[in-house]
K.L.:
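Take a look at the following structure, please.
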Number of protein chains: 2
Amino acid sequence: MDNIDLQILQMLKSNSRMTSSDISKIIHLSVPSIAERIRKLEKKGIINQFTVKLNRKAMGQNYVVYIFVQLHSSAETQLFRKTIIQSPHVLECHHTSGEYDYLLKVALPDLSELEDFITNTLKTNLKVMRSNTFFILSTLKEE
Amino acid sequence: MDNIDLQILQMLKSNSRMTSSDISKIIHLSVPSIAERIRKLEKKGIINQFTVKLNRKAMGQNYVVYIFVQLHSSAETQLFRKTIIQSPHVLECHHTSGEYDYLLKVALPDLSELEDFITNTLKTNLKVMRSNTFFILSTLKEE
DNA sequence: GCTGAAAGCTCTATAAG
DNA sequence: CTTATAGAGCTTTCAGC
């Protein structure tokens, strides 16, 4: 991966609908070369996905919270992982170092759904030992 | 925004290079209709950005950490915000409720750069009062 | 690995119903 | 919203460096 690849990635990051010929006009390289470089970046897994960033408020996701979670035992891990991955409310889930086991980033339309998520999904269904929730008041930056 | 818009958004989320005619073959609506719907979704700000998800490891970002940050006083806020937004290492920055003021998500190539970021950028330059760092060991889900 | 040109195809924009 | 059309623009391929 050379400097030209980095430039291409940067352009696609700012607008993934750019075509090879768009990019060709900016960096001086022929269209077929750029098309092939993009294909290779995808194939090598450097580009994971072409996607869109959506406006959460517009999508009715008015609350975004982080929830630290500690599980009882590793016996619960399987169900926990499966449920979390499938839940449409969970934006991210990381296994973390420190006091807790996992950190979830969760988007919800209202507080009653948050209550439901913590009480039913986490505590009851997933047998989470303890959790710690804090709210995102505003976001300065989110890539 | 109706159900068709939601379907279009879902498809673009899974692959933002889909064209109107690609989408037209899946949901039964003419190409001009879909093209116009996408334009409106962009104009309304429901679609914030067309972008790519990159593989962090492949980009040399071997460590991703969360850092909670507490500022001394609101006098430091301006510089803090400006610096954070410009820093290429900072993936996200949220103003949060709870014990700390901000939560940063930071990607770095190695531990010495992490040390540098905490010691120099945060503590020295930005006069951060205290911080609390924890590591992401692995990621189950990240939209 | 890159360039340039040609072929064919696909997309977008527009107009009319 | 649909269909139809025209024109612009894209991707791919291939020969040659």
Side-chain angles (χ1 to χ4, degrees), chain A residues 1-62 88 91 107 109 142-143, chain B residues 1-62 88-89 91 107-110 113 142-143:
Chain A
M1 205 177 48
D2 60 9
N3 197 44
I4 296 174
D5 282 339
L6 287 175
Q7 284 182 62
I8 294 172
L9 288 176
Q10 202 183 336
M11 284 187 234
L12 289 176
K13 196 163 182 187
S14 74
N15 179 8
S16 61
R17 296 209 124 187
M18 270 191 153
T19 62
S20 301
S21 74
D22 291 333
I23 296 171
S24 168
K25 282 161 198 156
I26 300 172
I27 69 181
H28 291 295
L29 207 59
S30 68
V31 172
S33 293
I34 290 169
E36 202 187 340
R37 277 168 180 267
I38 294 173
R39 225 176 294 123
K40 281 182 184 167
L41 288 167
E42 270 190 271
K43 199 179 154 200
K44 283 190 210 157
I46 294 173
I47 296 176
N48 271 336
Q49 195 180 21
F50 290 89
T51 188
V52 288
K53 262 170 60 182
L54 301 181
N55 181 325
R56 294 214 182 91
K57 280 272 190 315
M59 299 296 287
Q61 298 177 321
N62 296 302
L91 304 176
E142 191 166 43
E143 290 216 336
Chain B
M1 205 177 49
D2 59 10
N3 197 45
I4 295 175
D5 282 338
L6 288 175
Q7 284 182 61
I8 293 172
L9 289 175
Q10 201 183 339
M11 285 187 233
L12 289 175
K13 196 162 182 186
S14 73
N15 179 8
S16 61
R17 296 208 126 189
M18 272 191 152
T19 62
S20 301
S21 74
D22 291 333
I23 296 172
S24 168
K25 282 161 198 155
I26 301 171
I27 70 181
H28 292 295
L29 207 59
S30 69
V31 173
S33 292
I34 289 168
E36 202 188 339
R37 277 168 180 268
I38 294 173
R39 223 176 297 121
K40 281 183 185 166
L41 288 167
E42 272 190 270
K43 199 180 153 200
K44 284 190 211 159
I46 293 174
I47 295 176
N48 270 337
Q49 197 180 21
F50 290 88
T51 188
V52 288
K53 262 171 61 184
L54 301 181
N55 182 324
R56 294 214 182 91
K57 281 272 189 319
M59 300 296 287
Q61 298 177 322
N62 296 302
H89 297 126
L91 304 176
L108 295 154
D110 54 53
E113 292 229 23
E142 191 166 40
E143 292 217 338

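In what follows, every chain begins at residue 1, and chains take the letters A, B, ... in the order their sequences are listed. Remember, predicted model here, so these are calculated numbers, not experimental data.
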K.L.:
Should A:Arg37 be listed as having a side-chain N or O under 4.0 Å from OP1 or OP2 of C:dC2?
P.N.:
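For C:dC2, OP1 or OP2 has a side-chain N or O of A:Arg37 closer than 4.0 Å.
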K.L.:
Hey, are A:Ser16 and B:Thr51 close enough side-chain-wise for a donor-acceptor pair under 3.5 Å?
P.N.:
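No donor-acceptor contact under 3.5 Å links the two side chains.
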K.L.:
Find the distance between CD (B:Glu36) and CG (B:Leu41) and round it off to the nearest 0.5 Å.
P.N.:
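Rounded to the nearest 0.5 Å, the CD-CG separation comes to 11.0 Å.
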K.L.:
Between C:dC2 atom P and A:Ile23 atom CD1, what is the distance in whole Å?
P.N.:
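Distance check: A:Ile23 CD1 to C:dC2 P gives 14 Å.
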K.L.:
Classify the nucleic acid contact of A:Ser21 as base, sugar-phosphate or nothing, counting any heavy atom under 4.0 Å across all strands shown.
P.N.:
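Sugar-phosphate, backbone atoms only, no base.
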K.L.:
For the pair A:Glu143 and A:Lys13, find out whether any cationic side-chain nitrogen is under 4.0 Å from an anionic carboxylate oxygen.
P.N.:
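Yes, A:Glu143 and A:Lys13 are salt-bridged.
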K.L.:
Between CD of A:Gln49 and CG of B:Asn55, what distance do you get to the nearest 0.5 Å?
P.N.:
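Nearest 0.5 Å value for the CD-CG distance: 12.5 Å.
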K.L.:
Return the 5'-most residue of the pair A:Lys40, B:Lys25 with respect to DNA chain C, ranking by each residue's nearest nucleotide.
P.N.:
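Going by which nucleotide is closer to the 5' end, it is A:Lys40.
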K.L.:
Evaluate the criterion side chain to side chain contact (heavy atoms under 4.5 Å, CB included) for residue pair B:Leu54 and B:Gln61; output intermediate values, then yes/no.
P.N.:
CA-CA 11 Å; B:Leu54 301 181; B:Gln61 298 177 322; over 6 Å; no
K.L.:
Keeping the roles fixed (side chain from A:Asn62, backbone from A:Pro109), state whether a donor-acceptor pair exists under 3.5 Å.
P.N.:
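Answer holds: yes.
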K.L.:
Assuming nearest nucleotide by heavy-atom distance, tell me which of A:Arg17 and A:Glu36 is located more 5' along DNA chain C.
P.N.:
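By nearest-heavy-atom nucleotide position, the 5'-most residue is A:Glu36.
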K.L.:
Could you tell me whether the side chain of A:Lys53 and the main chain of A:Glu142 form a donor-acceptor pair under 3.5 Å?
P.N.:
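Yes, because the side chain of A:Lys53 sits within donor-acceptor range (under 3.5 Å) of the backbone of A:Glu142.
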K.L.:
Students should find this one: the first and last nucleotides of DNA chain D, 5' to 3', lying under 4.0 Å from a heavy atom of chain A. What are they?
P.N.:
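Footprint of chain A along DNA chain D, 5' to 3': D:dC10 to D:dT13.
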K.L.:
Would you say the side-chain atoms of A:Arg17 pair up with the backbone N or O of A:Leu12, donor to acceptor, closer than 3.5 Å?
P.N.:
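No, A:Arg17 side chain to A:Leu12 backbone: no donor-acceptor pair under 3.5 Å.
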K.L.:
Counting primed atoms plus P, OP1 and OP2 as sugar-phosphate and everything else as base, spell out the protein contacts along nucleotides 4-9 of chain C at 4.0 Å heavy-atom distance: B, S or - for each nucleotide, 5' to 3'.
P.N.:
BB----
K.L.:
OP1 or OP2 of C:dT12 less than 4.0 angstrom from a side-chain nitrogen or oxygen of B:Arg39, does that happen here?
P.N.:
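Answer no for this pair, as no side-chain N or O of B:Arg39 is under 4.0 Å from OP1 or OP2.
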K.L.:
Over how many whole Å does the gap from A:Ile38 atom CD1 to C:dG1 atom C1' extend?
P.N.:
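Taking atom C1' of C:dG1 as the reference, CD1 of A:Ile38 is at 16 Å.
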K.L.:
Check this for me: does any side-chain nitrogen of one of B:Glu42 and B:Arg37 sit under 4.0 Å from a carboxylate oxygen of the other?
P.N.:
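No, B:Glu42 and B:Arg37 are not salt-bridged.
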K.L.:
It should be established whether B:Thr19 places a side-chain nitrogen or oxygen under 4.0 Å from OP1 or OP2 of nucleotide C:dT10.
P.N.:
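B:Thr19 to C:dT10 OP1/OP2: no side-chain N or O under 4.0 Å.
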K.L.:
Using a cut-off of 4.0 Å on non-hydrogen atoms, how would the nucleic acid contact of A:Asp22 be classed: base, sugar-phosphate, or nothing?
P.N.:
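Here A:Asp22 touches the backbone only, sparing every base.
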